[in-house]
Amino acid sequence: MTQAFRVENVGLINRDKKLSFKFNGKKYFGYEGDTLASALLANGVHLVGRSFKYHRPRGFFGAGVDEPYAVVQLYRNGETEPNIKATEQELFEGLEAKSVNCWPSVNFDVGAINNFLKIFLPAGFYYKTFMWPKSFWFRIYEPFIRKAAGLGVASTKHDKERYEHKYEYCDLLIAGSGPSGLASAYAAAKNGAKVILAEDKPRFGGSLLTSDVNIGNQSGKDWAEGIIAELKTMPNVVVKNRSQIFGYYDHNMLVMSEKVSDHLPATKKYHPNKRLWYIRAKEVLISSGSIERPIVFGNNDTPGVMLSSAAKEYLKVYGVLVGRKPLVFTNNDSGYETAIEFKKHGVDPIILDTRKNPKSEIIDEAKNLGINIKNSYVVVAANGYKKVKSAHIASISEDKKQLGEIENLQCDCICVSGFWTPTIHLASQSGNKTKFKEEIDAFVPGQSKQNETTLGAANGVFSLEETLKTSFSVGSELSKKLTENDNEIAIPNVVEKKSSQHDKFWCVPLPKGKHYKRFLDFQNDVAVSDVEIALREGYRSIEHVKRYTTLGMATDQGKTSNLNGLQLVSEIENKVVPAVGHTTFRPPYTPVSIGAIVGREIGKHSKPTRKSPMHDWHEKNNAVFVDAGVWLRPRYYKRGNENLFEASKREAKNVRSNVGVCDVTTLGKIDIKGPDAAELLNRVYTNAWLKLPVGKARYGLMLREDGIVMDDGTTTRIFENHYHMTTTTAQAANVLSHLEYYLQLVWPELNVNVVSTTEQWAGAAIAGPKSRDLLQKLFPSSDVSNEGLPFMGYIEGDLFGVKARIFRISFSGELAYEVNVESDYGNFMWEKIMQVGEEFKIQPYGTEALSTLRIEMGHVAGSELDGRTIPYDNALDGLVSKKKDFIGKRSLQRSAFTAEDRQRIVGVVPLDKKTSIPEGSHLVKDDKAQLPNPKLGHISASCWSVEYDNPFSLAILKDGKNMIGKKLFAMSPLKNKVIPVEIVSSHYVDPKGERVRS
Amino acid sequence: MLYINCPHCGMRSQNEFSYGGDASVKRPELNKEVSDQEWDNFVYNRKSLRGKHLELWQHISGCRQWIKVERDTATHEIFRTFKADEEVA
Ligand SMILES: [Zn+2]
């Protein structure tokens with residue numbers, strides 16, 4: 001069977017290009033220009049999936065974004081994507097798709113038992129049932145629900161596709177290329193405005209592609225093509241198809257997802273799969289059209305029941321008949337247009353019109369064509385399980401309450417039209433308080449919230465003539481305001497058939513003794529009875545009804561269900577619809593690929609990677625790197641089969657016995673200049689700074705206003721009014737903002753300038769007893785003796801022709817120096833140090849050895865300065881000036897901060913001198929105490945002391961001052977360890993600090 | 001994403017800025033006696049108000065200036081922006 005439902009010579013598809021594709025493993029053919037839905041329908045396939053809750057067979061209901069349930073799992077080029085609407089997916093050669101929501105197969109589905117047990121699955125069923133007993137959730141309910149429900153399966157593989165983000169600014173952003181979008185875009189473009197026109201479908205023109213109208217003596221479709229062709233030639237216009245504007249955010253920022261490659265078998269080289277546009281528009285025109293509304297009747301979810309506009313689109317755009325014995329069920333003239341198209345292509349439809357005696361040009365045309373029309377008639381229920389076989393129909397009384405005798409009418413599809421619902425999602429997302437328009441029983445945008453204007457059908461205007469007139473003039477006026485051009489546009493004459501008033505009827509009553517399911521929300525399986533239950537159980541607010549029943553939720557966002565749901569609530573509650581109000585429309589309007597949202601920010605692209613100028617050297621010398629913020633730092637340099645522990649021990653030992661060199665480029669550096677520089681330092685640091693001489697460095701401690709330590713580091717007076725501040729790697733950016741905050745806002749009278757120079761300097765720390773000998777050889781013309789360059793001294797030196805800054809500062813506790821040169825000379829410096837250092841047995845050391853050295857010296861770092869500690873806690877209270885005021889000083893008087901038993905840093909050694917204590921372990925008095933065992937402190941950092949060759953840790957311990965010599969337990973439930981420990985001084989090595997001064 | 005008019009650079013997207021909290025808070029002068037209550041009000045106590053709010057932002061990926069922004073916390077409408085040293089009338 002090949003495309004038995006395709007009609008000759010109709011549609012916009014390319015019949016010269018036949019494409020093969022697979023659905024649920026079976027091979028079919030379609031044409032270029034088809035969607036997966038139109039191609040399947042051309043082959044007579046109506047069964048595409050199972051419904052979410054009851055697993056009822058589901059077919060196609062719409063022909064585009066309005067589709068609530070024809071969702072498939074797509075396979076393309078070795079990738080898979082769930083949640084794809086078959087009505088939006090364009091066909092390509094080799095496409096493969098599978099049904100979702102069915103297990104084991106679409107034709108036999110275990111979950112369909114739910115359908116026969118539906119009496120047990122009413123609204124709120126999940127809330128009520130699966131809550132108890134609790135232990136059942138993980139073992140029984142959840143796995144079953146997971147297997148039985150869902151809208152497809154996400155791939156667990158790495159997505160090879162590329163996604164891009166783009167930022168764009170424009171005068172007018174126009175959402176939708178139907179008549180209102182085209183007219184307003186054209187008028188604005190002619191005035192020279194920068195215009196972006198976005199269309200979610202592959203073809204431009206919106207309703208003009210399927211409506212029988214004339215504009216300027218051409219068919220609507222030809223007129224649309226002409227306008228688009230002209231817009232495309234204009235340099236100030238961007239025209240995008242396959243592009244859905246799905247979100248309207250603050251300050252006229254809209255986000256659009258452009259499908260660049262989804263219609264192709266594989267993404268072209270260097271092309272993205274999708275492109276996400278962040279568009280800031282001065283004016284936004286919403287011309288998103290309207291979606292046909294269903295009429296609710298029994299079994300209205302049977303495959304073969306669909307919107308009449310969809311049936312018309314399948315025929316006029318794709319040349320596909322959705323049935324050969326169509327029944328059109330309508331409450332307005334739109335159903336007639338569909339019936340007329342069927343008739344023109346040799347198919348005899350029957351129209352059931354709920355109205356008694358409607359009169360209009362369209363109806364006359366249908367009558368003249370000899371179409372069978374039954375007035376005051378309704379479909380009571382569709383018959384057939386996997387496809388419509390017939391319909392129970394009946395006449396209906398004038399008050400729409402009494403059904404006549406039920407008749408069975410043979411048909412193979414039921415095309416429904418319950419009038420039109422304007423697509424107001426974007427306006428609502430903008431913050432527009434929508435209003436209810438009685439004449440069309442629907443909400444339309446009210447007062448604009450941001451710079452948005454809604455046009456045409458989206459604004460509830462269904463006359464083409466009026467739409468074009470308004471849209472040309474709005475496009476013209478808005479662009480005139482922005483460009484001051486005023487080019488007059490001749491508005492073309494319009495020929496359209498006038499419609500008659502629709503019938504407000506929306507739900508067919510149940511015949512006596514029948515309990516058909518009448519669905520409101522097709523995606524979420526919400527039936528009339530579910531909403532009735534919710535209201536009976538006391539849910540009143542429409543927002544609560546939505547959550548309890550799931551009406552209007554998920555990816556569909558109530559496109560076809562929203563208004564009928566409101567009608568029902570208003571009827572039961574005896575309120576008018578506007579009093580019920582509608583639920584909030586949330587972005588995205590349609591599902592957006594996670595890949596598109598993430599864009600290029602994946603893996604190493606998720607944040608910048610910063611490397612020091614010596615990075616290549618480290619790499620060549622077997623450095624194993626570690627992430628330090630956004631920096632990559634050598635953790636250790638691997639020799640042979642060494643592991644982290646062995647290598648770091650070797651490196652640390654070599655610092656203690658010979659000399660080591662460590663790349664410290666990553667330290668934050670801030671250049672501070674100005675006559676008030678010393679005063680600024682004096683206010684931001686806890687210690688005194690006014691008397692620091694030129695050529696001297698000082699260690700400083702910075703607090704936040706709440707008294708908590710913010711950062712530490714050394715600052716050096718380079719020249720009279722010139723200081724060089726260093727910060728920790730992690731806090732570099734925050735400290736700069738902190739200084740700028742005080743200089744710009746709090747003390748603008750201070751004449752100081754601060755600028756980050758982190759990247760301008762490469763830094764090498766040279767540490768160990770032989771570091772001075774090495775330094776002397778590096779700087780033969782400088783006096784680096786203990787007198788010439790004392791502890792905390794600073795000189796400038798000449799490193800083989802390169803200007804260098806030499807600081808005598810130490811983090812390792814050894815005699816140590818830091819040499820800085822301009823970044824471009826970083827590698828030169830490093831190589832010279834290694835080369836000259838050879839005779840002193842120099843070795844590079846990484847962050848692990850660095851940690852070991854500072855921990856056993858009791859120097860605090862990030863793990864102690866963790867945003868919870870004050871100077872006292874870190875045994876840095878000696879640095880807190882009693883005389884002067886500084887940032888955060890007043891907070892240190894708080895009673896908790898001055899408590900006698902305040903926490904304080906201590907050293908911790910395991911009693912067996914063998915067992916390393918896991919970082920994060922809690923210190924407790926009694927390891928057998930009842931839980932929760934009172935915590936006295938925690939282990940902040942652990943190392944293997946190279947000085948004593950046993951484990952050593954630092955801890956922040958309650959009343960730490962009086963705990964030295966006490967025995968406690970370090971407990972780590974995570975590592976399942978209980979370790980008896982002794983509390984010692986945090987200064988485990990060289991407690992008097994003699995080495996750094998030697 | 002908000003669109004903020006930096007008084008130094010012009011209209012820029014929010015992702016160039018970082019938020020700095022209530023701009024009406026005044027730091028007590030240095031070396032002045034401050035009561036516990038006064039200090040707590042400065043460090044901790046903030047009104048989480050709905051409506052017009054004068055707040056600080058730093059144009060961190062631009063001119064690095066701290067600016068004052070008058071914004072409605074409920075609607076995100078931005079009424080005016082000021083330089084750090086500009087008086088807000
Ligand atoms: Zn700026």
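As a basis for the values below, the full set of heavy atoms in this structure was taken, side chains included, without hydrogen atoms, waters or symmetry mates. The shown structure was predicted, so the numbers you read here are calculated from the model rather than taken from an experiment. Residue numbers begin at 1 in each chain, while the letters A, B, ... track the order of the sequences.
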Under 4.5 Å from any heavy atom of chain A - which part of B:V43: side chain
Taking atom OH of A:Y169 and atom OH of B:Y3, what is their separation to the nearest 0.5 Å? 5.0 Å
Inspect the surroundings of CD1 in A:I602 and state if more than 12 heavy atoms from other residues, nucleotides or ligands are less than 6.0 Å away. yes
Please state whether the side chain, the backbone, both or neither of B:W39 comes within less than 4.5 Å of a heavy atom of chain A. side chain
Separation between OH of A:Y167 and OG of B:S13, rounded to the nearest 0.5 Å: 7.5 Å
Per-residue contact mode, B:L56 against chain A (heavy atom under 4.5 angstrom): side chain
Among the options A:Q450, A:H251, A:R683, pick out the one with the most heavy-atom pairs lying under 4.5 Å from chain B. A:H251
Which heavy atom in B:M1 sits nearest to a heavy atom in A:M253, and how many Å separate them? CE-CE, 3.5 Å
Let's test your reading of the structure: which of B:A84, B:A23, B:P28, B:S18 forms the most heavy-atom pairs below 4.5 Å with chain A? B:A84
Within this structure, what is the CH2-CG distance for the pair A:W747 and B:L30, rounded to the nearest 0.5 Å? 5.0 Å
Check this for me: A:E749, atom CD, are more than 12 non-hydrogen atoms of other residues, nucleotides or ligands nearer than 6.0 Å? yes
Are any of the side-chain heavy atoms of A:Y741 and B:Q58 separated by less than 4.5 Å? no
Can you tell which part of A:R894 gets under 4.5 Å to a heavy atom of chain B, answering side chain, backbone, both or neither? side chain
Need one label for B:D85: side chain, backbone, both or neither, based on atoms under 4.5 Å from any heavy atom in chain A. neither
In Å and rounded to the nearest 0.5 Å, what is the CZ to CZ distance from B:F42 to A:R890? 12.0 Å
Look at A:R280, A:Q744, A:K889 and state which one has the largest set of heavy-atom pairs under 4.5 Å with chain B. A:R280
Within this structure, what is the CG-CD distance for the pair A:L745 and B:Q65, rounded to the nearest 0.5 Å? 9.0 Å
Does A:K449 NZ have over 12 foreign heavy atoms under 6.0 Å away? no
In terms of side-chain geometry, is the basic nitrogen of B:R71 or A:D250 positioned less than 4.0 Å from the acidic oxygen of its partner? no
How many angstroms lie between OH in A:Y249 and NE2 in B:H76, if you round to the nearest 0.5 Å? 12.5 Å
When only pairs under 4.5 Å are counted, which of A:G431, A:P748, A:S891 shares the most heavy-atom pairs with chain B? A:S891
